[in-house]
Amino acid sequence: MTRAFKTLDDMGDVRGKRVLVREDLNVPMADGKVSDDTRFRATLPTVTELSDKGAIVLILAHFGRPKGMRNPDMSLALLTKPYETVLGRPVQFVDYDGAADAMANLQPGDVAILENTRFNAGEEKNDPAFAAQLAALGDFYVNDAFSAAHRAHASTEGLAHLLPAFAGRAMETELDALDKALGNPEHPVAAVVGGAKVSTKLDVLKHLVARVDHLIIGGGMANTFLAARGVDVGKSLCEHELTGTAEEIFAAAEQANCTIHLPYDVVVAKEFRANPPVRTVNVHEVAADEMILDVGPAATEALADVLKNCRTLVWNGPLGAFETPPFDTATVALAKTAAALTKSGSLVSVAGGGDTVAALNQAGAADDFTFVSTAGGAFLEWMEGKDLPGVAALSR
């Protein structure tokens, strides 16, 4: 396939060449130990391939939010040993002082990690001087950190203009999946958009109605759309001031031949806690002192039927208050349907966003989705149709 960006396949012979690889090593820590090494493991295909080909690999990454100042608690020196364990080969730590000498002493195949890019105030400002300082350390630049691609920083955007630039394997996989989902998808396309507030997903909804055939709205957001249709949602979470905006989205969807799906039966409770007394009712039967906390079983089954007639699915956000049982029921059921359809080969399913990943893991469905993005902000901005600076800079 012809891509808009170059990949490691386009690099040619890299033996003895210095390759700067932007990765996302911003892992969670607990009691001084890495508590989840998912991001480390995502880097392995790129770093291992380059090292095996004899490149001198220098990993660039940020850790925490040091705001342009040195902070020993956010030094990448803390991550070098844990990363070395996951990579299964030696990894050296390189500080800015003496970085050029350190690079000169590295041998083909060696891997090193440069100190936190955000210790330099020029990183987040995309300062040309800092980008040039980094570029002097390498012959090639590889961006493998989609999760940081929505930031125009020196190590994610500026560097790509100073050295021959390529997408790493994780970035390549992510961009290919996203292209299948919304760039050039097979229709019919469905999108599941959930979450608490319409206000945080307005741009997503406006962008999607013109691109998908079915828009499934869940979470607290659905209550605002129900209220716009004259449904009394009781004391449910609802942005009543945005019902006019919801009407605009209904109108745009109608014009684009996009069907918006809202729940017609819901699970309600009088208090929001784990396992309270609940009842399942038609949306028109919500009492004044009740709140909608999940999509009901009849609507969930109808949504499953929608997915069975689709070829592509994009998913961001849960259908109910999934962290609190039993309000994860609809999300888990629909996720299992999507996973089964994907496994059978009839659906391409792409999901992303923190809550979404957690919900799909809870449903045991994540492994069967075509692609699950761990990127939060970058995935959301992509769903909004925005250009991501780190991706745009890789364009051929």
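Residues take their numbers from the sequence shown, with the count starting at 1. Because the structure is a prediction, the values reported are computed rather than measured.
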Could you list the donor-acceptor pairs under 3.5 angstrom formed between side-chain atoms of residues 314-326 and any protein atom two or more places apart in sequence or on another chain?
{"from": "Trp315", "atom 1": "NE1", "to": "Gly317", "atom 2": "O", "distance (Å)": "2.8"}
{"from": "Asn316", "atom 1": "OD1", "to": "Lys201", "atom 2": "NZ", "distance (Å)": "2.8"}
{"from": "Asn316", "atom 1": "ND2", "to": "Gly352", "atom 2": "O", "distance (Å)": "2.9"}

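- Note on ring orientation: taking the six-membered ring where Trp is involved, the planes of Phe250 and Phe225 are perpendicular (angle over 60°, cut-offs 30° and 60°).
- Listed by chain and number, the hydrophobic cluster partners of Leu237 come to none, as no ILVMFWY side chain reaches under 4.5 Å of it.
- Qualifying salt bridge (charged side-chain N to carboxylate O under 4.0 Å, His left out) partners for Glu241, counting only residues two or more places apart in sequence or in other chains: none.
- Counting heavy-atom neighbours within 6.0 Å of Arg89 CZ, excluding the residue itself, gives a total above 12.
- Side chains of Val212 and Leu182 form a contact here, defined as non-hydrogen atoms less than 4.5 Å apart.
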Run the side chain to side chain donor-acceptor pair (under 3.5 Å) check on Arg151 and His62 step by step: do they pass? CA-CA 12 Å; Arg151 308 268 185 237; His62 71 276; over 6 Å; no

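- With sequence neighbours excluded, no residue forms a salt bridge (charged side-chain N to carboxylate O under 4.0 Å, His left out) with Lys235.
- Under the 4.5 Å side-chain heavy-atom criterion for Ile, Leu, Val, Met, Phe, Trp and Tyr, Ile216 and Val189 are members of distinct hydrophobic clusters.
- A salt bridge is defined here as a Lys NZ or Arg NE, NH1 or NH2 lying under 4.0 Å from an Asp or Glu carboxylate O, and Arg70 with Asp95 meets this definition.
- Proximity of the aromatic rings of Phe119 and Tyr96 is defined here by a centroid distance below 6.0 angstrom, and this criterion is not met.
- In this structure, the side chains of Val295 and Val267 stay at 4.5 Å or more apart for every pair of heavy atoms.
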Review item, side-chain donor-acceptor pairs of residues 135-148, under 3.5 Å, at least two apart:
{"from": "Asp139", "atom 1": "OD1", "to": "Arg18", "atom 2": "NH2", "distance (Å)": "3.2"}
{"from": "Asp139", "atom 1": "OD2", "to": "Arg18", "atom 2": "N", "distance (Å)": "2.7"}
{"from": "Asp139", "atom 1": "OD2", "to": "Arg18", "atom 2": "NE", "distance (Å)": "3.4"}
{"from": "Tyr141", "atom 1": "OH", "to": "Asn143", "atom 2": "ND2", "distance (Å)": "3.4"}
{"from": "Tyr141", "atom 1": "OH", "to": "Ser155", "atom 2": "O", "distance (Å)": "2.7"}
{"from": "Asn143", "atom 1": "OD1", "to": "Ala145", "atom 2": "N", "distance (Å)": "2.9"}
{"from": "Asn143", "atom 1": "ND2", "to": "Thr156", "atom 2": "O", "distance (Å)": "3.4"}
{"from": "Asp144", "atom 1": "OD1", "to": "Thr46", "atom 2": "OG1", "distance (Å)": "3.4"}
{"from": "Asp144", "atom 1": "OD1", "to": "Arg169", "atom 2": "N", "distance (Å)": "3.2"}
{"from": "Asp144", "atom 1": "OD1", "to": "Ala170", "atom 2": "N", "distance (Å)": "2.9"}
{"from": "Asp144", "atom 1": "OD1", "to": "Met171", "atom 2": "N", "distance (Å)": "3.1"}
{"from": "Asp144", "atom 1": "OD2", "to": "Thr46", "atom 2": "OG1", "distance (Å)": "3.0"}
{"from": "Ser147", "atom 1": "OG", "to": "Asp24", "atom 2": "OD2", "distance (Å)": "2.5"}

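- Between Thr370 and Thr342, the side chains place no donor N or O within less than 3.5 Å of an acceptor N or O (distance only, hydrogens not considered).
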N/O donor-acceptor pairs under 3.5 Å from side chains in residues 382-394, not counting sequence neighbours:
{"from": "Glu384", "atom 1": "OE1", "to": "Lys386", "atom 2": "NZ", "distance (Å)": "2.8"}

